[in-house]
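Below, read A as the first sequence line, B as the second, and so on, with proteins coming before strands; counting in each chain starts at 1. Computed from a predicted model, the values in this text were never measured in an experiment.
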2 protein chains.
Amino acid sequence: MFSKSTEYALRAVLYIAKYSSADKKIGIETVSTAVGSPKSFTAKVLQKLTKNNCLINSVSGPNGGFFLTEEAKKTSMLRILEILEEEHVITKCVLGLQECSDVNPCPMHNRYKLIKPLLIDMFENKSIQDVLNELTDSSITLIDVQDIRITHK
Amino acid sequence: MFSKSTEYALRAVLYIAKYSSADKKIGIETVSTAVGSPKSFTAKVLQKLTKNNCLINSVSGPNGGFFLTEEAKKTSMLRILEILEEEHVITKCVLGLQECSDVNPCPMHNRYKLIKPLLIDMFENKSIQDVLNELTDSSITLIDVQDIRITHK
DNA sequence: ATAATTAAGGACAAATATATCCTTAATTAT
DNA sequence: ATAATTAAGGATATATTTGTCCTTAATTAT
Ligand code: FES
Ligand code: FES
């Protein structure tokens, strides 16, 4: 559904939000390993989330890294899609017409117009903090099980 | 949501299904103009839909072109996604994990598992013929309004 | 101040998706 | 049979996405 960039962003933000704070920042190495994404590429994605907007905070230097403020954790998951410019994945026409609206509906529109609001709501009406609360359930994961490697020594 | 290939496929199949029959085939020029897609690229896409599977029929030569049998019109819209290998867009995990299931749910899964069946149903439980019936409503379109050019003479 | 650590960012590489062009094969009309 | 028409398919081009590497800047610890 989403691009790799957005998938990495969603996973990385959730990981950083869960395991970091202003005094305990998380480095890109840790984040990318934890969510199973390529390090340098994930770094670029996180830059978008720190610079243009201020969803994530970052600090250079020793003990530096990424973290989210408590305020930032109140942000909706939709914000991440917006920054990566992927809300259109949900909002655009299923057949690829310019507009998805009741004005010039495509043949799939009458069905999709019932689903689209649910997809939007799934992200809009759900804060990062909401997700974190669900993450306390240990059965919920941010990484593929097959990516988990047990390293001896 | 879907790739250009799939968007073109969905629009082209619907157009061909609506305006063709075994005695009135539609050429690629007409199809691509009608649905606003690049001709040669659309030709490749239609090849996938004719060759590997038999959703669309095609005949070379004068008065040749593409058409759908009445039987083919009973096919579900999901079949188009399958041939283009894009069902995964709907079925895969929103965060990009390998499996989307209750076994290893991601933090978005509990919400997405309510929506995913609706998305699948939108395509699976809807035949090409069903869409054609809705297309009789003239307000429903297959092409962007801004792509419509009024040519004088 | 110096060295070490870590994110920022530029440059480049590889993979994939999208698009075009041209030749070939099939079919039909004459 | 020949010519005309149309899809099939190969080759290639372009754009975008994804991924890597290296240098720079910022920060901290010593
Ligand atoms: S107009 Fe196509 S899904 Fe709304
Ligand atoms: S496991 Fe992520 S959406 Fe189902």
Can you tell me how far [atom2] of [N] sits from [atom1] of [X], to the nearest Å?
| X | N | atom1 | atom2 | result |
| --- | --- | --- | --- | --- |
| A:I26 | C:dT5 | CD1 | C1' | 16 Å |
| A:E29 | C:dA8 | CD | P | 15 Å |
| B:I16 | D:dT6 | CD1 | P | 15 Å |
| B:K44 | D:dA11 | NZ | P | 10 Å |
| A:K4 | D:dT20 | NZ | P | 12 Å |
| A:L84 | D:dT16 | CG | C1' | 15 Å |
| A:N57 | C:dT6 | CG | P | 18 Å |
| B:I28 | C:dT27 | CD1 | P | 18 Å |

query = When we call it a touch if two heavy atoms are under 4.0 Å apart, what does A:I56 touch: a base, just sugar-phosphate, or nothing?
reply =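 Since no nucleic acid heavy atom lies under 4.0 Å of A:I56, the category is nothing.
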
inquiry  = Any base atoms under 4.0 Å from A:L46, or only sugar-phosphate, or nothing? Heavy atoms, all strands.
reply    = nothing

If you check every side-chain atom of [X], which of [options] has the closest atom?
| X | options | answer |
| --- | --- | --- |
| A:F41 | D:dT27, C:dT20, D:dG19 | D:dG19 |
| A:S40 | D:dT20, D:dT18, C:dT18 | D:dT20 |
| B:S3 | C:dT18, C:dA8, D:dA7 | C:dT18 |
| B:T50 | D:dA8, C:dA7, D:dT20 | D:dA8 |
| A:Q47 | D:dG9, C:dG9, D:dG19 | C:dG9 |
| B:P62 | C:dA8, C:dT27, D:dT27 | C:dT27 |

key: Test item: B:R111 side-chain N/O and A:D121 main-chain N/O as donor-acceptor pair under 3.5 Å   =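 Side chain of B:R111 to backbone of A:D121, a donor-acceptor pair under 3.5 Å: yes, one is there.
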
message = I'd like to know if the side chain of B:R79 and the backbone of B:L55 have a donor-acceptor N/O pair within less than 3.5 Å.
response = no

Presence of [X] side-chain N/O under 4.0 Å of [N] phosphate oxygens OP1/OP2:
| X | N | result |
| --- | --- | --- |
| A:Y8 | D:dT18 | no |
| B:N63 | D:dT5 | no |
| B:S5 | C:dT18 | yes |
| B:S58 | D:dA8 | yes |

request  = With rounding to the nearest 0.5 Å, note down the distance linking CG in B:L68 to SG in B:C54.
outcome  = 11.0 Å

Upstream residue (5' side of DNA chain D) when B:A43 and A:S60 are each assigned their closest nucleotide = B:A43

So what's [N] paired with, Watson-Crick or G-U wobble, going by both distances under 3.5 Å?
| N | result |
| --- | --- |
| C:dA29 | D:dT2 |
| D:dA7 | C:dT24 |
| D:dA13 | C:dT18 |

task = Could you list who else is in A:V59's hydrophobic cluster, with ILVMFWY side chains joined at under 4.5 Å, directly or through other members?
result = A:F67

No-H, no-angle donor-acceptor pair, A:K51 side chain to C:dG9 base, under 3.5 Å = no

request  = List in numerical order all residues of residues 64-72 of chain A for which some heavy atom is under 4.0 Å away from an atom belonging to DNA chain C.
outcome  =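 Those residues are A:G64, A:G65, A:F66.
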
ask   = Are B:K92 and A:E7 ion-paired here, with the side-chain N under 4.0 Å from a carboxylate O?
value =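 Result for this pair is yes, salt bridge flagged.
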
side-chain contact (heavy atoms from CB on, under 4.5 Å) partner of B:M77, the single match among B:V13, B:L14, B:N125 =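 That would be B:L14.
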
inquiry  = Is it the case that the side chains of B:S37 and B:T42 hold a donor-acceptor pair, with the cut-off being a distance below 3.5 Å and no angle test?
reply    = yes

request  = State whether a side-chain donor-acceptor pair under 3.5 Å links B:E86 with B:T6.
outcome  = yes

message = Determine whether the aromatic ring centres of residues B:F123 and B:F2 are separated by less than 6.0 angstrom.
response = yes

